[in-house]
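To keep things clear, I will list the structure first and then write my remarks on it.
In what follows, residues are counted from 1 in the order of the sequence shown.
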Amino acid sequence: KITAMAQSVALHIMLNYSSILYELVFSLQYTDKEEVVLWMNTVGPYHNRQETYKYFSLPFCAGSKKTISHYHETLGEALQGVELEFSGLDIKFKDEVMQTTYCEIDLDKAKRDAFVYAIKNHYWYQMYIDDLPIWGIVGEADENGEDHYLWTYKKLEIGYNGNRIVDVNLTSEGKVRLMANTRIAMSYSVKWKKSDVKFEDRFDKYLDPSFFQHRIHWFSIFNSFMMVIFLVGLVSMILMRTLRKDYARYSKEEEMDDMDRDLGDEYGWKQVHGDVFRPSSHPLIFSSLIGSGCQIFSVSLIVIIVAMVEDLYTERGSMLSTAIFVYAATSPVNGYFGGSLYAKQGGRRWIKQMFIGAFMIPAMVCGTAFFINFIAIYYHASRAIPFGTMVAVCCICFFVILPLNLVGTILGRNLSGQPNFPCRVNAVPRPIPEKKWFMEPAVIVCLGGILPFGSIFIEMYFIFTSFWAYKIYYVYGFMMLVLVILCIVTVCVTIVCTYFLLNAEDYRWQWTSFLSAASTAVYVYMYSFYYYFFKTKMYGLFQTSFYFGYMAVFSTALGIMCGAIGYMGTSAFVRKIYTNVKID
C-alpha cells in the first residue's frame, strides 16, 4: 500500500509538469474559428494582493455558453488560490465580436451593497486568456464617495502572431450607476489584430525593467561586492597574520622547558584543543538544523538556476510547484549532512534525528499554512487550501521526503559518520574563564547577523515587492549573485566570531557559529515590519496574518540556511587551524 501511495504521489507530481509541458507545446496553437476560453480567476482588494475571492462571489453574471472542457489545476495553483471558472463568453480565434450583451444582473439591495463594498475597497479582478493574465477594476465612486458606478462593458483586444495568441488588452467601459431594484446589462466585444510580438516574448509586457534594473539595484550589487572584497581581505589579513603569530608563539612554547612554560603566559585558542571538538549541546536538534539548512541552500541554488534557464513566471504556480518538487528531491541532502554530523557527535538515536530533520521544515510551513487556512475559510477566501491538496502535500512528506531522507541518513552515517577529529577530546570539560562582555556568545550572536543582512537588504526590497505587490520577479541573475555574496559574507563573519571566541578560551563554537549567522533572520523579520508599515497599504486580519505568518516562515528558513552555511565554513576553519598546530 505504501509503495502504491508513493507511486501515486510521484505520478501526481509528474502529471503537473507534463500538463505544463503539454500546454506549452500543443494547446497554445489555434485554428481559425477555434474556441478561445476566457477564464475568470479571482477578485479582491487592490492593496491586499493575497486576499482574493472567487470571481463569482460578487454577484456578477456569467455568459450563456456552458459547454467547456474541465480545467485541471496543478499543485502550485491550488496552494496559491487560483480559482479558474469559465466566463461563459463565446470567443473564437480571429472571429471579431461587436458589442454584445451576454447577461443581465437583477440588482437587489443585497447585490448592490456587495458591489458598493467592493468598489469602496478598490476591488479588481483577474482573468486569463491562453494563460495571459488580464486585470480589470470592478467600478469606481464619484468624487464625493456618495454614488458608485459599475463597469459593465469588457472591451477585449487580442493580438495574434500566426496561429498563436501573443497579446491581450482589456478596456473597461459602460459606467452604470448602482441603484437597487434595477437591471444591469453586462456586455463584451472582441477585436483581433495582427501582432509582431514573438510567442516567446509575449510575457515581456508584464515585466518592469525600469524597476528591477534600476541604478539602485546595480549599485546595491556593486556595493555588496565591495563589502565582500573588503571583508574577505580583512579576514584573510587578520587571520593569516594573527595565526602566523599564534603558530610562532606556540612553536616557541614547544621549545621551552616545563618550568618556563609554567611561568609563561599561556592563553589563546590552543588551550582549548581538548574541548573544541566536544559534541555540541543538544546534538539531535543541532544536527537536524544543519541538515535542514543544507537542504534549503541546495533548493535555493537549484530553483534559482532553473528560473534563470526557464521563464517560470510564464506559468501559474510553476515556481511553487518547482520548489516543492526540488525540496522533495533534495531530501537525501538533509539526511546525509544531518545524519553524518549526528553520528560524528556520538548520537545514538539516529531514527529520531532522521524524523526531526525530515519534518522540521514541512511541519513549520504546514503549521503556519494550517493556521492561516482557518482565517481564509472564515473569510471564504480562495486562498483556503482544499482538503485534497492538503492530503497530497502530506503524502509527499510521508512517501517521498521521508524515504529519501532515510537513504541520505544511512549514506551519511556510513560514509562520513566517523569522528575523525585532529585532536582528542578530554574526558573532563575545561572550565570556561571569565571574559569581557562583548566576547560573550550572546553578544556575538546578536552582532553576527548585521553584515550578512546589510549585504542582502536591498534585494529583500525587490523580492518583497514582487511577492506582496504586483511585480513579476525575473532578474534571477541578481538573486544568484546575492546568494553567493550572502554565503561569502556569512562564512567570513562566523569565522571571525569563532576565532575571537576560541581565543577567549570558550569552546562553545558550534551553536555560536550557527546562531550568529542565523541571526540574519531576525534583522530580515524586523525589516519586514518596516516594509509592511511604510511600503504597503495592507489592512485587515487576513492579509496581516498572511503577511507576518509567511514572513516568519521565510525568515526562519533563511536563518536556518545561513546558520548551516556559517557552521560548515567555520567547521572547516576550526579543523584546519587545529590540524596545523602541534598538540602534545
Side-chain angles (χ1 to χ4, degrees), residues 13 17 76 212 220-221 224-225 228 232 288-313 318-341 357-358 360-362 364-365 396 400-401 404-405 407-408 411-412 416 449 452-453 455-460 462-464 466-467 473-494 513-514 517-518 520-521 524 553-572:
I13 295 172
Y17 283 92
F212 284 105
S220 71
I221 296 292
S224 297
F225 261 118
V228 164
V232 170
S288 300
L289 285 168
I290 297 300
S292 298
C294 292
Q295 184 181 7
I296 293 170
F297 173 73
S298 60
V299 170
S300 303
L301 189 66
I302 294 169
V303 169
I304 291 173
I305 291 172
V306 170
M308 289 170 66
V309 175
E310 299 288 336
D311 294 331
L312 293 181
Y313 55 81
S318 59
M319 177 63 79
L320 185 56
S321 296
T322 303
I324 293 171
F325 177 79
V326 172
Y327 185 86
T330 54
S331 295
V333 174
N334 187 338
Y336 183 87
F337 286 101
S340 62
L341 179 60
M360 181 180 289
I361 300 299
M364 177 182 68
V365 175
I396 290 171
V400 179
I401 292 175
L404 291 177
N405 208 291
V407 172
L411 289 174
S416 60
F453 170 72
S455 67
I456 63 169
F457 87 96
I458 295 291
E459 196 64 28
M460 286 294 104
F462 289 100
I463 293 171
F464 287 5
S466 67
F467 190 80
Y473 192 95
Y474 68 97
V475 283
Y476 289 97
F478 279 111
M479 191 181 283
M480 177 62 81
L481 287 173
V482 170
L483 182 63
V484 172
I485 290 168
L486 176 64
C487 292
I488 296 172
V489 172
T490 300
V491 170
C492 288
V493 168
T494 51
S513 63
F514 177 85
T520 306
V524 170
V553 169
F554 171 77
S555 301
T556 305
L558 179 68
I560 293 173
M561 183 188 79
C562 290
I565 292 168
Y567 170 78
M568 299 298 280
T570 306
S571 179

Which heavy atom of [X] sits nearest to which heavy atom of [Y], and what is that distance?
X: Val299; Y: Ala323; answer: CG1-O, 4.3 Å
X: Ser331; Y: Asn405; answer: O-ND2, 3.7 Å
X: Ala328; Y: Ile396; answer: CB-CG2, 4.2 Å
X: Phe337; Y: Gly291; answer: CB-CA, 4.3 Å
X: Gly357; Y: Ser288; answer: N-OG, 3.7 Å
X: Ser298; Y: Val333; answer: OG-CG1, 4.2 Å

Requested in this report: Take Ile458 and Val482, measure what side-chain contact (heavy atoms from CB on, under 4.5 Å) needs, and give me the verdict at the end.
Outcome: CA-CA 10 Å; Ile458 295 291; Val482 170; over 6 Å; no

With sequence neighbours excluded, tell me which residues meet side chain to side chain donor-acceptor pair (under 3.5 Å) with [X].
X: Tyr473; value: Glu459
X: Thr490; value: none
X: Ser340; value: none

Looking at side-chain heavy atoms only, is the closest gap between [X] and [Y] below 4.5 Å?
X: Tyr567; Y: Leu289; result: no
X: Pro452; Y: Val493; result: yes
X: Phe297; Y: Leu483; result: yes
X: Met568; Y: Ile290; result: yes
X: Tyr327; Y: Ile401; result: yes
X: Ile488; Y: Cys492; result: yes
X: Met561; Y: Leu486; result: yes

Side-chain donor-acceptor pairs under 3.5 Å in residues 553-560, sequence neighbours left out?
{"unit_1": "Ser555", "atom_1": "OG", "unit_2": "Met551", "atom_2": "O", "d": "2.8"}
{"unit_1": "Thr556", "atom_1": "OG1", "unit_2": "Ala552", "atom_2": "O", "d": "2.7"}

Report task. Check step by step if side-chain contact (heavy atoms from CB on, under 4.5 Å) holds for Ser220 and Phe478. Result -> CA-CA 10 Å; Ser220 71; Phe478 279 111; over 6 Å; no

Report summary line: Across all chains, not counting sequence neighbours, the side chain to side chain contact (heavy atoms under 4.5 Å, CB included) partners of Ile485 are Ser224, Phe225, Val228, Ser455, Val489

Requested in this report: Output all residues satisfying side chain to side chain contact (heavy atoms under 4.5 Å, CB included) with Val306, sequence neighbours left out; order by chain, then residue number.
Outcome: Ile302, Leu312, Thr322

Query - Donor-acceptor pair between Ser416 and Tyr336 side chains, under 3.5 angstrom - result: yes

Query raised in the report: Could you walk me through whether Met479 and Val475 pass the side-chain contact (heavy atoms from CB on, under 4.5 Å) check?
Result: CA-CA 7 Å; Met479 191 181 283; Val475 283; over 6 Å; no

Query - Euclidean distance, Leu481 CG relative to Ile456 CD1, rounded to 0.5 Å - result: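 CG of Leu481 is found 14.0 Å from CD1 of Ile456.
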
Query raised in the report: Checking side-chain contact (heavy atoms from CB on, under 4.5 Å) for the pair Tyr313/Met319: CA distance, chi angles, key distance, verdict?
Result: CA-CA 7 Å; Tyr313 55 81; Met319 177 63 79; over 6 Å; no

Query raised in the report: For atom CZ of Phe212, is the number of surrounding heavy atoms from other residues, nucleotides or ligands below 6.0 Å larger than 12?
Result: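 Above 12, so yes.
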
